[in-house]
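Take a look at the structure set out below.
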Amino acid sequence: MSRIGKKPIQIPSNVKVSFKEGVLEVEGPKGKLSLKVHPDIKLTLEDSTIRLERPSDAPFHRAIHGTMGALIRNMIKGVTEGYTTVLEVVGLGYRAAVKGGNLELSLGYSHPVVYPIPPDVKIEVKENKIYVSGIDKQRVGQVAAEIRAFKKPDAYKGKGIRYEGEQLKLKAGKTAGKGGKGKK
């Protein structure tokens with residue numbers, strides 16, 4: 001991870017960055033994010049770049065150096081472009097819809113599953129695909145994982161909520177077993 005931390009981070013012209021008392025604030029066209037920088041990492045702001053330095057080559061310092069670099073890059077990308085995760089609802093009768101401030105899911109249970117949409121994330125539904133978008137990469141991933149957890153893909157039929165492009169290894173049913181060992 002240390003090679004990631006050594007690279008200087010470029011700041012786009014439409015992004016404002018400020019660093020005060022160990023807290024880095026990034027503001028762009030999509031919103032504002034803040035991050036508490038680890039006290040061992042020295043952060044310097046120059047013209048349109050951010051540089052990170054670590055105190056030693058100890059494994060912990062190398063790891064936190066790369067982590068801070070990756071988090072800052074994610075913040076800059078989030079306030080300029082944003083992040084989107086797409087979930088697919090697969091299954092006969094499985095549906096998703098946004099009603100008011102809630103995501104309502106019909107997933108084969110006796111009742112609809114209602115998920116309140118957090119204020120920092122935007123959720124849209126188009127053709128049984130759920131689009132989770134926002135400026136914070138971690139938050140978008142967390143919300144998508146919470147929605148997916150309501151009905152993970154079934155190992156036999158593949159029904160459930162899955163990430164777009166997720167490859168599933170479907171298991172063979174009980175009839176595809178040993179062969180020839182039936183009732184007599």
Side-chain angles (χ1 to χ4, degrees), residues 1 4-5 7-41 43-45 48-52 63-91 94-107 109 111-153 160-166:
M1 287 296 270
I4 294 170
K7 288 183 185 175
I9 302 165
Q10 299 298 320
I11 303 170
S13 58
N14 59 350
V15 175
K16 294 177 188 171
V17 177
S18 63
F19 183 62
K20 293 177 188 157
E21 299 171 11
V23 177
L24 180 76
E25 289 188 352
V26 178
E27 187 173 356
K30 292 210 176 241
K32 185 177 184 180
L33 291 172
S34 63
L35 172 73
K36 189 173 186 306
V37 178
H38 195 277
D40 289 352
I41 301 299
L43 188 139
T44 53
L45 286 170
S48 65
T49 60
I50 299 172
R51 293 193 185 278
L52 300 171
I64 203 72
H65 187 215
T67 301
M68 285 293 132
L71 290 175
I72 293 168
R73 281 183 184 82
N74 288 343
M75 288 171 58
I76 291 172
K77 184 179 176 193
V79 296
T80 54
E81 301 169 27
Y83 290 97
T84 302
T85 300
V86 181
L87 297 166
E88 297 174 337
V89 181
V90 179
Y94 287 18
R95 275 185 229 91
V98 176
K99 292 185 181 174
N102 296 321
L103 174 68
E104 202 168 284
L105 301 162
S106 298
L107 301 171
Y109 298 125
H111 58 283
V113 177
V114 178
Y115 181 76
I117 300 173
D120 56 342
V121 174
K122 184 179 172 192
I123 295 179
E124 295 176 327
V125 177
K126 296 176 191 166
E127 301 172 10
N128 269 3
K129 287 189 177 185
I130 303 169
Y131 295 85
V132 182
S133 56
I135 60 172
D136 188 354
K137 185 177 186 178
Q138 187 276 331
R139 192 73 179 114
V140 169
Q142 179 66 39
V143 170
E146 287 172 5
I147 293 169
R148 183 180 183 268
F150 288 126
K151 189 81 168 188
K152 289 185 179 174
I161 301 174
R162 63 175 89 160
Y163 294 109
E164 187 177 49
E166 181 179 356

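Under the 4.5 Å side-chain criterion, counting only non-hydrogen atoms from C-beta, L45 is in contact with V17. Between I147 and I123 the shortest side-chain heavy-atom distance falls below 4.5 Å. In this structure the side chain of P12 reaches within 4.5 angstrom of the side chain of I76, judged on heavy atoms. Counting heavy atoms from C-beta on, the side chains of I161 and L107 come closer than 4.5 Å. Residues L43 and M68 are not in side-chain contact: their nearest non-hydrogen atoms beyond the backbone lie 4.5 Å or more apart.
Checked by atom type and distance alone, the side chain of N128 pairs as donor or acceptor with a backbone atom of Y94 at under 3.5 Å.
To the nearest 0.5 Å, atom CG of residue D120 and atom CZ of residue R139 are 4.5 Å apart. In this structure, the separation between OH on Y83 and NZ on K77 is 5.0 Å, given to the nearest 0.5 Å. From E88, atom CD reaches atom CZ of R148 across 11.5 Å, with rounding to the nearest 0.5 Å. Separating the NE2 atom in H111 from the OG atom in S106 is a distance of 10.5 Å, to the nearest 0.5 Å. Separation of atoms CG (N74) and CD1 (I135) is listed at 12.5 Å; rounding is to 0.5 Å. Taken from CD in E25 to NZ in K16, the straight-line distance is 12.0 Å, to the nearest 0.5 Å.
The salt bridge (Lys or Arg N to Asp or Glu O under 4.0 Å) test applied to K151 returns no partner, not counting sequence neighbours. Looking at residues two or more places apart in sequence or on another chain, you find no salt bridge (Lys or Arg N to Asp or Glu O under 4.0 Å) involving K152.
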Fill in: Working for side chain to side chain contact (heavy atoms under 4.5 Å, CB included), residues H65 and L52
CA-CA 7 Å; H65 187 215; L52 300 171; 3.7 Å; yes
Item to complete: Applying side chain to side chain contact (heavy atoms under 4.5 Å, CB included), run through D40 and H38 and close with a yes or a no.
Response: CA-CA 6 Å; D40 289 352; H38 195 277; 3.5 Å; yes
Discussion item. Would V37 and F19 count as a side chain to side chain contact (heavy atoms under 4.5 Å, CB included) here? Give the steps.
Written reply: CA-CA 9 Å; V37 178; F19 183 62; 3.8 Å; yes
Item to complete: Begin with the C-alpha distance, continue with both residues' side-chain angles, and end with the deciding distance and a verdict on side chain to side chain contact (heavy atoms under 4.5 Å, CB included) for Y163 and L87.
Response: CA-CA 4 Å; Y163 294 109; L87 297 166; 3.4 Å; yes
